[in-house]
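As structure tokens, the structure follows; a few thoughts come after it.
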Amino acid sequence: MTTTTGAEQPAFPLSTRQEMCWEWERCHARPWPSVVSIDCATALRLLGPLDTGALREAFAEVTLHHDALRLRLEGPPERIADVVRPRQTLRAAPLPLEEAELPAQPYAFLVELSARPFDVTEALGRAHLLRAAPDHHVLLTNFHHLVFDAACHRLFLGDLAHAYNRRVAGGPPLRPAFSYLDLIRAESTRPVLEDRAARLAARAALLRAYGAQDPLPGGRTAGPRALRHHYDEEPLEFSPQETRRLLHAARAARVSLYSLLIAGFAGALGRQFGRERLIFSTPSHGRLRPEHRTAVGEFANMVQIPVDVARDGGRGLLRQTHEAVRDASATVDLPFGPLAESVLGRSGDAGFFRYALGHAALRLHGVTGWAMDLQRIDAVPMHALRTDVLPISQDSSRLTYATRQSSEAAAPVLAITLNMTEDARLSGYLRHERAHHGRDTARSVLHHLRERLDALTGPAAT
């Protein structure tokens, strides 16, 4: 991989996938250029005789190897087509690895450190090697979502372990890396831009027809919405027997489990709110080519799935939903900001909430379906070391939005997250904004969801 260094280094636009993260970042009231990583932190515990010099060299090699990890935003952002957008350049030097002591209360310290703002005009990532004892260290890495998606955690740690092992025990060099800047260059050619503009206009017209401008109603009193939101979660659990029934029903109907769950969720919301047409938002992994699957960078994007609940409630709804999911996958390269602006209009310079174009959201992890399945990261093979990944999560139960438009778009969205557990059951929750959708509404939606799934998986559906 060849990079340009020095004063003549060119500036690059955001990729179409980075557009969503830029909009999402500007939804929150943080002063430019100090922002947080949007929850892309990884804490790797290292037990045993660590060669800190080899780890430092390995970290530098990996951040040089993947150009996305050395991107930084130019500041201040410039106004492009009447909207504030940044451009980005490439650091010539690798990211530094800072060293510090791990305190007696490590988890609270790791959460606090991962949530600290950093200057995105200097780097979109940072790393700390924290020492608890001579044979006990924690490597904490933070990358902004602009350069790091969910698939990157395993890819980054795998390359880091490979580079470390080569230094302490020998072995082959890292495999050639896909250049994220090549993706940006390919997106910027005239034929690609013209084709994407036509597809974006067609997609915007479809989303308007399905009511993207008409969010789900809530029970709050009249008046402007507060910028401060409080989110609650209602548990959603399926037993192993229920999970098997859902999987078997999806297989019998020749649809994915994700499509089956979307169809049930659509029926539940249609029943609850009297809607015939609904739009579901979900993150797509966006890694469309084989070489993308081993690349570090932001490939994910928000896509929208329009569903017509007025269709036949059995096989017809399942088939229509499955086709809508398939069609949505072809829109992953559409830039989220321009698409949302075309559908909703933009109030001043407000950023768009990531689910702004949908009425609800569904995320499914750990089972073949919409998202790219990722193995759980339990250990990273590093020479003479025992390793495990510590879960680090930032508190998102209370969020402050920067503008009324961002606040109004975020509050009505009902979002379900489900994970396949090790004992083969679906487990998760329905997340809702407390002042817009109260607990009674959330529980009613979940009741209707189970009814609709029973109808879709029962004898009448087959």
Side-chain angles (χ1 to χ4, degrees), residues 1 37 39-70 91-116 118 122-144 147-177 294-296 374-394 422:
M1 181 180 65
S37 62
D39 204 14
C40 283
T42 303
L44 179 66
R45 180 160 49 195
L46 307 163
L47 300 175
L50 175 67
D51 185 332
T52 58
L55 182 65
R56 189 180 301 106
E57 291 177 3
F59 181 80
E61 179 183 358
V62 173
T63 58
L64 284 172
H65 195 66
H66 295 286
D67 52 17
L69 299 182
R70 290 181 291 115
R91 290 171 52 102
L95 292 180
L97 178 58
E98 306 291 341
E99 296 192 37
E101 296 295 318
L102 190 66
Q105 300 295 326
Y107 182 76
F109 177 74
L110 292 173
V111 172
E112 188 273 332
L113 187 58
S114 70
R116 287 181 187 176
F118 58 92
E122 170 60 26
L124 288 165
R126 65 182 174 209
H128 293 86
L129 181 61
L130 306 167
R131 181 180 182 273
D135 60 350
H136 182 184
H137 295 79
V138 173
L139 175 66
L140 178 67
T141 57
N142 291 84
F143 295 101
H144 196 284
V147 297
F148 209 83
D149 60 22
C152 290
H153 292 280
R154 174 170 287 278
L155 295 170
F156 169 77
L157 291 177
D159 278 355
L160 182 68
H162 186 111
Y164 176 82
N165 293 339
R166 181 164 58 85
R167 283 167 170 79
V168 298
L174 292 172
R175 63 188 182 278
T294 58
V296 171
L374 302 173
Q375 293 180 344
R376 194 174 155 200
I377 308 174
D378 291 314
V380 180
M382 298 181 71
H383 182 75
L385 296 171
R386 288 185 294 117
T387 68
D388 62 296
V389 176
L390 305 175
I392 298 293
S393 60
Q394 299 170 12
E422 293 182 354

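Quick caveat: nothing in here was measured; it's all calculated off a predicted structure.
With rounding to the nearest 0.5 Å, the separation of OG1 in Thr52 from CZ in Arg131 is 9.5 Å. A distance of 9.5 Å separates CG in Leu124 from CG in Leu69, rounded to the nearest 0.5 Å. Rounding to the nearest 0.5 Å gives a distance of 11.0 Å between OH of Tyr164 and CZ of Arg167. Here CG of Leu129 is found 10.0 Å from CD of Glu101. Values are rounded to the nearest 0.5 Å. Between the CG atom of Leu157 and the OG1 atom of Thr387 there is a distance of 8.5 Å, given to the nearest 0.5 Å. Taken from CZ in Arg166 to CD in Glu61, the straight-line distance is 4.5 Å, to the nearest 0.5 Å.
Side-chain atoms of Arg70 come within 3.5 Å of backbone N or O of Thr63 as a donor-acceptor pair. Put simply, the side chain of His128 never gets that close to the backbone of Leu110: no donor and acceptor are under 3.5 Å apart. Of the possible donor and acceptor atoms, one in the side chain of Asn165 sits under 3.5 Å from a partner among the backbone N and O of Pro381.
Between Ala163 and Val62, the shortest heavy-atom contact is CB-CG2, 4.3 Å. Considering all non-hydrogen atoms of both residues, Leu95 and Ala123 come closest at CD2-CB, 3.7 Å. In plain terms, the two heavy atoms of Phe148 and Cys40 that are nearest each other are O-SG, 3.4 Å. The two residues Pro173 and His162 come nearest to each other via the heavy atoms O-NE2, 3.4 Å. Taking both residues in full, the closest heavy atoms of Leu140 and Ser114 are given as CD2-N, 4.2 Å, listed atom of the first, atom of the second, then distance.
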**Report entry** Steps toward side-chain contact (heavy atoms from CB on, under 4.5 Å) verdict (Arg91, Glu122)
**Finding:** CA-CA 8 Å; Arg91 290 171 52 102; Glu122 170 60 26; 2.7 Å; yes

Report task. Could you go through the side-chain contact (heavy atoms from CB on, under 4.5 Å) check for Leu55 and Met382 one step at a time? Result -> CA-CA 10 Å; Leu55 182 65; Met382 298 181 71; 4.1 Å; yes

Report task. Tell me, with the steps shown, if Arg45 and His136 meet side-chain contact (heavy atoms from CB on, under 4.5 Å). Result -> CA-CA 7 Å; Arg45 180 160 49 195; His136 182 184; 3.4 Å; yes

Requested in this report: Might you work through the side-chain contact (heavy atoms from CB on, under 4.5 Å) test for Leu160 and Thr141, ending with a clear yes or no?
Outcome: CA-CA 12 Å; Leu160 182 68; Thr141 57; over 6 Å; no

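By the ring-ring contact (aromatic ring centres under 6.0 Å, His included) test, Phe156 pairs with Phe143, sequence neighbours left out. Remark: Leu155 engages Arg175, Arg287, Val296 in a side chain to side chain contact (heavy atoms under 4.5 Å, CB included) (not counting sequence neighbours).
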